[in-house]
Number of protein chains: 2
Amino acid sequence: MAQSDTVDRILDAAEELFAERGFSETSLRMITSKAKVNLAAVNYHFGSKNALIHAVFARFLTPFSATLEQAFDELEERCGDHPPTLNETLWALTESSIRMPQRNEKGIAIFMRLLGLAYTQSQGHLRKFLEQEYSEPFSRFMRLLKQATPQLSAVDRYWRIQFMLGATAFTMSSSDALRDILQNKTGVETSVQEIALRLVPFLAAGMQAENPMLTPPLDSKISVA
Amino acid sequence: MAQSDTVDRILDAAEELFAERGFSETSLRMITSKAKVNLAAVNYHFGSKNALIHAVFARFLTPFSATLEQAFDELEERCGDHPPTLNETLWALTESSIRMPQRNEKGIAIFMRLLGLAYTQSQGHLRKFLEQEYSEPFSRFMRLLKQATPQLSAVDRYWRIQFMLGATAFTMSSSDALRDILQNKTGVETSVQEIALRLVPFLAAGMQAENPMLTPPLDSKISVA
DNA sequence: GAGTGTCTCAAACGTATGTTTCAAACAGAC
DNA sequence: GTCTGTTTGAAACATACGTTTGAGACACTC
């Protein structure tokens, strides 16, 4: 074979195992035995385990980042001069992730789970890699959010964006487990698309909540001070 | 010394390191050297690394669970026959965690971060341990949430609770870092109490958002199917 | 078909991990 | 003081990890 498929087999296996178990909990030997390739192939083709992790992310993040840029372009064009609304911005992001070209049926779930892990697991090298490779669509999203919520103070907006990120990353990073729990308890099946469909209204409502400082009940022991 | 403080020193060090780095990324040798105790002390006092993880959780979860039960008791008593509202329920939980007896100033952040990790890192033994030890206050909270949101279907409510958990665990677990970023960018100081003050309205608004299935924009490519 | 660069393979390397061992130190009771 | 049960200490254990090695197989060029 001229161009070996070993690289792809490794990436496929690594992607799935990383998503299932996390990075440090997945050994190269698990990956190579699942991919049915030799152990040394990983270091031959990628150089190191960290570089393999980067490659796994790059394989889906590069096309996703392109799709997202395009979605933002269309959105801003469609809106003309007035800035896109919060709902439109969130849906542009959601649709981009859902309509991504998928390698298999688990595509989105793995994609989301990996993104969640990237935030959650404190892998310094990964964060650095993602920041310097994909900072542009990220800050563009932030800019759109700012335009869509002019009524919020910078501080309020900052914290609410963190809340959104948290709800998304956390839910997606354990979406398999959560889906299974729900499946066992109620027999209801839930696709990742449906989770996203439920998540966006939740986030939008939270972002647009009333002034946060007025809500503690009168008898609360917490002072605003 | 009659009752050694080795146990507590190990628990303190383990708690902090686990919260900083996760479970598999923290070795017993890191813990014992931070705690300035012998390596074998962990296995002597706790039996295994997994048992140590359980002990770390039990040390703050047991008193917290008691505080929470009490807060729920007071809440339900105060409300008489009608069920507590969503805001009241959320505030009862928030105040319980904020007013927890804290070992140090990082108390709440570590507490939240560990809870988030427990959900995120796929440590089967931990989930099993937490479920069989602390299922009661958890399901009581769930019951209160159910009563406070009768308009939601069971499935909607399930997912929205996950979103709340995520926003909370994620934000609180990285509250130190997030506070510092905000401090550097805007010069604004934020206490954990203030984060909670901002978080609760966000969550309440998200929980009470309009029917999630009606919100995708008209030109959306996503079908509700 | 000899030569060349690419890739695979089994084996080993060095290091780090969780756990165990066993002697020494310590405490409190008699 | 001596004994007894508990706790600490340094060292070793077995295992798993990421990585490296060097010989072999393969496809291709000239």
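None of the values given here were measured: they were computed from a predicted structure.
Side-chain proximity of A:Leu39 to C:dT20, D:dA10, D:dT19: nearest is D:dT19. The nucleotide whose nearest atom lies closest to any side-chain atom of A:Ala40 is, among C:dC9, C:dT19, D:dA10, C:dC9. When distances run from any side-chain atom of A:Asn43 to the nucleotides C:dT17, C:dA12, D:dT20, the shortest one goes to D:dT20. Considering only the side chain of B:Leu28, C:dT19 comes nearest among D:dT8, C:dT19, C:dT21.
Residue B:Thr6 places at least one side-chain N or O closer than 4.0 Å to OP1 or OP2 of D:dT8. Here B:Ser27 does not reach the OP1 or OP2 of C:dA16: none of its side-chain N or O atoms lies under 4.0 Å away. Within the structure, a side-chain polar atom (N or O) of B:His45 is placed less than 4.0 Å from OP1 or OP2 of D:dT8. Put simply, A:Ser48 has no side-chain N or O that comes within less than 4.0 Å of OP1 or OP2 on D:dG18.
For B:Arg29 and D:dC17, the CZ to C1' distance is 14 Å, given to the nearest whole Å. In this structure, CG of B:Asn38 is placed 14 Å from P of C:dG18, rounded to the nearest angstrom. For the pair B:Lys49 NZ and C:dA16 C1', the interatomic distance rounds to 11 Å; values are reported in whole Å. Rounded to a whole Å, the CG atom of A:Leu52 is 15 Å from the P atom of D:dC17. With rounding to whole Å, B:His125 atom NE2 is found 12 Å from C:dG18 atom P. One atom, OH of A:Tyr44, and another, C1' of D:dT20, lie 14 Å apart when rounded to the nearest Å.
Counting any heavy atom pair closer than 4.0 Å across all strands shown, A:Ser24 reaches no nucleic acid atom. Note on A:Thr32: nothing from the nucleic acid sits closer than 4.0 angstrom, heavy atoms only.
Annotation: side chain of B:Glu15 is in contact with side chain of B:Phe60 (closest heavy-atom distance under 4.5 Å).
Note: B:Phe23 and B:Phe57 have tilted aromatic rings, judged against thresholds of 30 and 60 degrees for the angle between ring planes. In this structure, B:Phe129 and B:Tyr134 have perpendicular ring planes: the angle between them is above 60°, well past the 30° mark. Note: B:Phe64 and B:Phe111 have perpendicular aromatic rings, judged against thresholds of 30 and 60 degrees for the angle between ring planes.
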Reading DNA chain D 5' to 3', how would its secondary structure be written in dot-bracket notation, given Watson-Crick and G-U pairs with both distances under 3.5 Å, brackets [ ] for crossing pairs and | for partners on other strands?
|||||||||||||||||||||||.||||||
Would you sort out whether A:Arg59 and A:Asp8 count as a side-chain contact (heavy atoms from CB on, under 4.5 Å), showing the intermediate values?
CA-CA 10 Å; A:Arg59 185 168 64 151; A:Asp8 291 306; 4.2 Å; yes
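Side-chain N or O atoms of B:Arg113 include none that pairs as donor or acceptor with a backbone N or O of B:Ala169 at under 3.5 Å.
Judged as a side-chain hydrogen bond (donor to acceptor under 3.5 Å, both in side chains), and not counting sequence neighbours, the contacts of B:Ser24 are A:Glu25.
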